[in-house]
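Structure first, commentary second.
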Amino acid sequence: IVELTPPEITFNSFSIENNQIAIDSEIQSIASLTNFLALLRDYPESSSVNVDKIDNNSLSNSINVVISVKLKEAKK
């Protein structure tokens with residue numbers, strides 16, 4: 001997923017726990033966010049992608065976005 005991330009997106013935090021990825025990021029534009037969400041949804045290991053929070057940060061001229069990605073269960 002990190003390799004799929006466009007250069008205009010910066011991670012504040014990235015964690016994986018219980019088949020879920022939590023991403024706290026700074027994004028420069030809505031177009032970048034839209035593209036990144038499409039990449040996450042198309043990622044073969046993801047079963048769902050949710051935007052948990054969007055906050056416009058006028059001081060840094062960016063958008064703080066918290067995203068959760070549920071991963072597919074491993075096949076047994």
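The structure displayed is predicted, hence computed values, not measured ones. Every heavy atom of this structure was used, including side-chain atoms; hydrogens, water molecules and symmetry mates were not.
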If I take atom CD from residue Gln28 and atom CD1 from residue Ile63, how far apart are they, to the nearest 0.5 angstrom?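 So the CD of Gln28 and the CD1 of Ile63 are separated by 8.0 Å.
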
Is the backbone of Ile21 close enough, under 3.5 Å, to the side chain of Lys70 for a donor and an acceptor to pair up by distance?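 No.
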
Those residues that, when tested against Ser68, pass side chain to side chain donor-acceptor pair (under 3.5 Å) (two or more places apart):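 If we apply the side chain to side chain donor-acceptor pair (under 3.5 Å) test to Ser68, skipping adjacent residues, the hits are Asp52.
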
Under the side chain to side chain donor-acceptor pair (under 3.5 Å) test, which residues partner Asn35, sequence neighbours left out?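 Expected list: none.
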
How close do Leu39 and Leu4 get, counting heavy atoms only, and between which atoms?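 Looking at all heavy atoms of both residues, the closest pair is CD1-O, 3.2 Å.
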
Could you check whether any side-chain heavy atom of [X] comes within less than 4.5 Å of a side-chain heavy atom of [Y], counting everything from C-beta outward?
{"X": "Ile23", "Y": "Thr5", "answer": "no"}
{"X": "Phe36", "Y": "Val65", "answer": "no"}
{"X": "Leu37", "Y": "Ile67", "answer": "yes"}

Leu33 with Val66, same ILVMFWY side-chain cluster at under 4.5 Å: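 Cluster IDs for Leu33 and Val66 differ.
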
Verify the cluster assignment for Leu40 and Phe14: are they in a single hydrophobic cluster under the rule of side-chain heavy atoms below 4.5 Å apart?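 In one cluster: yes.
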
Contact list for residues 36-48, test side chain to side chain donor-acceptor pair (under 3.5 Å), sequence neighbours left out: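 Counting only pairs at least two positions apart or across chains, no side chain to side chain donor-acceptor pair (under 3.5 Å) contact touches residues 36-48.
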
Does anything in residues 17-27 form a side chain to side chain donor-acceptor pair (under 3.5 Å)? List the pairs, not counting sequence neighbours.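 Listed once each, the pairs are Asn12-Asp24, Asn12-Glu26, Asn19-Glu73, Asp24-Asn64, Glu26-Ser62, Glu26-Asn64.
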
For Asn56, I'd like to know if atom CG has over 12 heavy atoms of other residues, nucleotides or ligands within 6.0 Å.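 Correct, the count exceeds 12.
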
